[in-house]
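Bear in mind that the values here come from a model prediction, so they are computed numbers and not experimental data. One is the number of the first residue; the rest follow in order along the sequence. In each ligand, atom 1 is the first atom listed, and ligand 1 is the first ligand listed.
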Amino acid sequence: MALNLILFGPPGAGKGTQSEFLTEKYQLVHLSTGDIFRANIKGETELGLKAKAYMDRGELVPDSVTIEMLESVVNQHPNANGFIFDGFPRTSAQAIALDEFLSKKNTSITCLVALEVEENELRARLLKRGETSGRPDDVNPEVIQNRINVYQRETTPVADHYKAQSKYHGVDGIGTIEEIAERLCAAIDKARENA
Ligand code: AMP
């Protein structure tokens with residue numbers, strides 16, 4: 001049975017850091033839509049050009065572009081043990097599209113693990129990260145605030161979508177990297193047993 005995880009949470013919650021660990025531990029293919037967009041911007045591809053203006057403002061890239069890109073990357077890994085979706089889905093439409101897409105492949109989301117971190121902490125972490133990340137969207141406080149607002153408005157419905165399927169597991173996102181990793185693994189292992 002494939003293990004398909006969604007690593008969920010607001011910008012700055014620690015999804016990137018924790019994905020590295022989870023990918024290794026569960027031997028999954030890591031798909032970060034943000035990383036893929038940034039690689040495309042760097043490579044000056046057509047997709048990168050489409051995404052850049054939205055990303056620089058802290059807005060979401062349109063669903064049609066994002067969903068098509070995600071599906072094409074999943075299709076490049078036919079023999080994967082499973083996937084860790086990091087930063088996707090970010091809208092209800094993306095969640096519905098992902099469920100349908102996986103169902104056509106006779107698989108499904110095993111669980112969504114959410115890193116819960118309050119807003120003041122997110123702002124501080126993102127500004128700090130901006131000192132070294134080289135990401136234009138981590139530097140400007142207005143863009144950071146917009147990303148948090150977009151998350152509240154457009155992305156929190158994704159949590160409800162998976163709560164309705166009893167697949168949502170919230171985890172306290174404050175602590176050391178190891179402590180948070182342990183909490184995530186406990187939630188994932190439990191969800192896996194019940195799947
Ligand atoms: P991240 O690296 O996950 O913080 O994403 C950086 C930026 O990439 C976001 O602010 C969006 O502009 C864009 N992005 C990443 N994932 C998605 C997605 N699933 N849907 C729409 N836009 C996305």
Inset, instruction - Using heavy-atom distances, let me know which of R135, R147, Q94 sits nearest atom 6 (C) of ligand 1. - result: R135
Inset, instruction - Provide, to 0.1 Å, the distance between atom 23 (C) of ligand 1 and the closest protein heavy atom, together with that atom's residue and name. - result: F37 CE1, 3.8 Å
Inset, instruction - For N81 and Q27, run side-chain hydrogen bond (donor to acceptor under 3.5 Å, both in side chains): C-alpha distance rounded to whole Å, both residues' side-chain angles, the deciding distance at 0.1 Å, then the answer. - result: CA-CA 7 Å; N81 284 329; Q27 294 288 298; 5.4 Å; no
Inset, instruction - Flag E59 as yes when one of its N or O atoms lies below 3.5 Å from any N or O atom of ligand 1, and as no otherwise. - result: yes
Inset, instruction - Starting from atom 16 (N) of ligand 1, find the nearest protein heavy-atom neighbour and note its residue, name and distance. - result: T33 OG1, 2.7 Å
Inset, instruction - Give a yes/no verdict on whether any heavy atom in K15 is under 4.0 Å from an atom of ligand 1. - result: no
Legend entry - Of V113, I188, D172, the residue whose pairing with R183 passes side chain to side chain contact (heavy atoms under 4.5 Å, CB included): D172
Inset, instruction - Would you check whether R57 reaches within less than 4.0 Å of ligand 1, judged by its heavy atoms? - result: no
Legend entry - Enumerated ligand 1 atoms positioned under 4.0 Å from heavy atoms of T66: 18 (C), 19 (N), 20 (N), 21 (C)
Legend entry - Pairs flagged by salt bridge (Lys or Arg N to Asp or Glu O under 4.0 Å) wherever residues 139-162 is involved - sequence neighbours left out: D137-R147, D138-R147
Inset, instruction - Show the numbers, then the answer: is there a side-chain hydrogen bond (donor to acceptor under 3.5 Å, both in side chains) between D99 and H161? - result: CA-CA 10 Å; D99 287 354; H161 178 94; 2.7 Å; yes
Legend entry - Enumerated ligand 1 atoms positioned under 4.0 Å from heavy atoms of R38: 2 (O), 6 (C)
Legend entry - Beyond-backbone contact of L184 with Q18, side-chain heavy atoms, under 4.5 angstrom: yes
Legend entry - Worked verdict on T107 versus N4 for side-chain contact (heavy atoms from CB on, under 4.5 Å): CA-CA 8 Å; T107 185; N4 293 312; 3.0 Å; yes
Inset, instruction - Using distance alone, determine whether Y54 and ligand 1 share an N or O pair under 3.5 Å. - result: no
Inset, instruction - Return a yes/no value for G87: is any of its N or O atoms, backbone included, closer than 3.5 angstrom to an N or O of ligand 1? - result: yes
Inset, instruction - Look up atom CG in D63 and atom CD1 in I96, then write down how far apart they are to the nearest 0.5 Å. - result: 10.0 Å
Inset, instruction - Report yes if some N/O of D137 lies less than 3.5 Å from some N/O of ligand 1; otherwise report no. - result: no
Legend entry - From R90, E154, M55 - option closest to atom 5 (O) of ligand 1 by heavy atom: R90
Legend entry - Region of K52 that comes within reach of ligand 1 [heavy atoms, distance under 4.0 Å]: neither
Legend entry - E100/K104 salt bridge by N-O under 4.0 Å criterion: no
Inset, instruction - Closest by any non-hydrogen atom to atom 22 (N) of ligand 1: pick that one out of V61, V143, I41. - result: V61
Legend entry - Heavy-atom check, side chain of M69 versus side chain of L47, under 4.5 Å: yes
